[in-house]
Chemist: 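Below you'll find the structure I mean.
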Amino acid sequence: MSFKPKSLCVFCGSRVGNDPEYVLEAKRLAKKMAEEGIEFVYGGGSIGIMGTLAEEVLANGGRVTGIIPDFLQKLEVGHHGLTELIVTDSMHERKRTMFERSDGFIVMPGGLGTLDETFEILTWKQLRLHDKPVIVLDCKDYWKPFEQLVDATIEGGFAHEGVKGLYNVAKNTDEVFESFKTIPNVQKEVLTSHL
């Protein structure tokens, strides 16, 4: 099915990483989202890939909604120049609000927090709690180990092979938007094959 989002949540790092291409790809993605009139929803930070995306979307006239828990806001890592900043009481409320405010999800390079958000949103999709697209933006093969881990769960007998249909993989921003034309329908067996 073809997909035309009004808002996209990007899971990504609060650091910029060791390869400058991560930041460059973030800027390309941000510019494209602004040009397409897609609201950028994210974790509300002013640093790392998160901050780069926010600044670039705003610089190109786009709308940015940040969602940050109070304790991180108090550490002064929250971005104060956003279109909208929502402060939550907990990390759980932050993730729920990000989910509710987004039509789909893009995963850029990041650390443990990015992995946490990604696995949770994929698990919810496996449980058929949503059917929103999840695109893994595999810039510079950063997410190759992630794909190997998913393969290991299948090979080990802990997941149905259909879990690969829970997400699409794109190598760059152009492929992200191209993949919106072919969002797979998740097989029921992904959840029920072992029951």
Chemist: Taking the side chain from T83 and the backbone from T65, do they hold a donor-acceptor pair closer than 3.5 Å?
Modeler: no

Chemist: Can you name the residues that form a side chain to side chain contact (heavy atoms under 4.5 Å, CB included) with L129, not counting sequence neighbours?
Modeler: W124, L127

Chemist: Check whether more than 12 heavy atoms from other residues, nucleotides or ligands sit under 6.0 Å from atom NZ of K171, and answer yes or no.
Modeler: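 Yes - once you tally the heavy atoms of other residues, nucleotides and ligands closer than 6.0 Å, there are more than 12.
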
Chemist: Where does the angle between the aromatic ring planes of Y142 and Y22 fall among parallel (under 30°), tilted (30 to 60°) and perpendicular (over 60°)?
Modeler: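 Ring orientation, 0 to 90° scale: perpendicular.
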
Chemist: Please evaluate residues I68 and V87 with respect to the criterion side-chain contact (heavy atoms from CB on, under 4.5 Å), reporting the C-alpha separation (whole Å), side-chain torsions for both, the decisive distance (0.1 Å), and the verdict.
Modeler: CA-CA 5 Å; I68 192 167; V87 180; 4.3 Å; yes

Chemist: From M50 CE over to T114 OG1, what is the distance, rounded to the nearest 0.5 angstrom?
Modeler: 8.0 Å

Chemist: I'd like to know if the side chain of K125 reaches the main chain of K132, judged simply by a donor and an acceptor atom lying under 3.5 Å from each other, with no hydrogens or angles considered.
Modeler: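 Yes, because the side chain of K125 sits within donor-acceptor range (under 3.5 Å) of the backbone of K132.
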
Chemist: Tell me, do N172 and R28 make a side-chain contact under 4.5 Å, heavy atoms counted?
Modeler: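 Result no, sub-4.5 Å side-chain heavy-atom pair not found.
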
Chemist: Mind listing the closest non-hydrogen atom pair of I49 and P109 along with its distance?
Modeler: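 Where I49 meets P109 most closely, the heavy atoms are CG1-O, 4.4 Å.
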
Chemist: Hey, are E35 and K32 close enough for a salt bridge, meaning a charged N less than 4.0 Å from a carboxylate O?
Modeler: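 Looking at E35 and K32, the cut-off is not met.
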
Chemist: Quick check: are there more than 12 heavy atoms from other residues, nucleotides or ligands sitting under 6.0 Å from CZ of R15?
Modeler: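 No, because the 6.0 Å sphere around CZ of R15 holds 12 heavy atoms or fewer from other groups.
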
Chemist: When rounded to the nearest 0.5 angstrom, what distance separates CD in E36 from NZ in K31?
Modeler: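 Rounded to the nearest 0.5 Å, the CD-NZ separation comes to 11.0 Å.
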
Chemist: Run the side-chain contact (heavy atoms from CB on, under 4.5 Å) test on F40 and I106 for me, step by step, so that the C-alpha distance in whole Å, both residues' side-chain angles and the decisive distance to 0.1 Å come before the verdict.
Modeler: CA-CA 10 Å; F40 168 48; I106 298 172; over 6 Å; no

Chemist: Quick one, V186 and L166 - any side-chain contact, counting heavy atoms below 4.5 Å?
Modeler: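 A side-chain contact exists here, since the closest heavy-atom pair is under 4.5 Å.
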
Chemist: Quick check: is V176 connected to L24 through a chain of hydrophobic side chains (ILVMFWY, heavy atoms under 4.5 Å apart)?
Modeler: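 Shared cluster, no.
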
Chemist: Please set out all donor-acceptor pairs under 3.5 angstrom arising from side-chain atoms of residues 151-158, sequence neighbours excluded.
Modeler:
from: D151; atom 1: OD1; to: K164; atom 2: NZ; distance (Å): 2.9
from: T153; atom 1: OG1; to: V150; atom 2: O; distance (Å): 2.6

Chemist: State whether the number of non-hydrogen atoms from other residues, nucleotides or ligands found under 6.0 Å of E161 atom CD is greater than 12.
Modeler: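 Atom CD in E161 is not packed in, count stays at 12 or less.
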
Chemist: For the atom pair SG (C139) and CD (E25), what is the distance rounded to the nearest 0.5 Å?
Modeler: 5.0 Å

Chemist: Are C12 and Y42 side-chain neighbours, meaning at least one heavy-atom pair lies under 4.5 Å?
Modeler: no

Chemist: Could you check if a side-chain atom of D131 sits within less than 4.5 angstrom of a side-chain atom of N185, using non-hydrogen atoms only?
Modeler: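 They are not in contact (no side-chain heavy atoms under 4.5 Å apart), so the answer is no.
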
Chemist: Atom CD of E93 and atom CD1 of I86: how far apart are they, to the nearest 0.5 Å?
Modeler: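 One gets 9.5 Å once the value is rounded to the nearest 0.5 Å.
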
Chemist: Using a 3.5 Å distance criterion without hydrogens, assess whether the side chain of R63 forms a donor-acceptor pair with backbone atoms of E39.
Modeler: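 Side chain of R63 to backbone of E39: no pair is present.
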
Chemist: For G162 and Q187, which heavy atoms make the closest approach, and how far apart are they?
Modeler: CA-NE2, 3.9 Å

Chemist: Pairs under 3.5 angstrom only: tabulate donor-acceptor contacts from the side chains of residues 52-61 to other protein residues two or more places apart or in another chain.
Modeler:
from: T52; atom 1: OG1; to: G48; atom 2: O; distance (Å): 3.2
from: E55; atom 1: OE2; to: H79; atom 2: NE2; distance (Å): 2.4
from: N60; atom 1: ND2; to: E56; atom 2: O; distance (Å): 2.8

Chemist: Can you measure from NZ (K95) to CZ (F11) and round to the nearest 0.5 angstrom?
Modeler: 8.5 Å

Chemist: Side chains of Y167 and W143: closer than 4.5 Å at any heavy-atom pair?
Modeler: no

Chemist: How long is the straight-line distance from CD1 of I38 back to CZ of F177, given to the nearest 0.5 Å?
Modeler: 4.0 Å

Chemist: Could you tell me if the side chain of R96 sits less than 4.5 Å from the side chain of T88, heavy atoms only?
Modeler: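 No; the side chains remain at least 4.5 Å from each other.
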
Chemist: Step by step, work out the salt bridge (Lys or Arg N to Asp or Glu O under 4.0 Å) result for K144 and E147.
Modeler: CA-CA 5 Å; K144 187 175 181 180; E147 292 190 81; over 6 Å; no

Chemist: For a side-chain contact (heavy atoms from CB on, under 4.5 Å) check, start with the C-alpha distance between R101 and S7, then their side-chain angles and the critical distance, and finish with the verdict.
Modeler: CA-CA 7 Å; R101 296 290 294 259; S7 61; 5.8 Å; no

Chemist: Can you tell me if D103 uses its side chain to pair, donor with acceptor, with the backbone of K6 under 3.5 Å?
Modeler: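 Judged by distance alone, yes, a pair lies under 3.5 Å.
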
Chemist: Give the intermediate values and the outcome of side-chain contact (heavy atoms from CB on, under 4.5 Å) for residues V107 and V134.
Modeler: CA-CA 8 Å; V107 182; V134 181; 4.2 Å; yes

Chemist: Are the side chains of Q73 and H80 in contact, using a 4.5 Å heavy-atom criterion?
Modeler: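 In short, these two side chains touch, coming nearer than 4.5 Å.
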
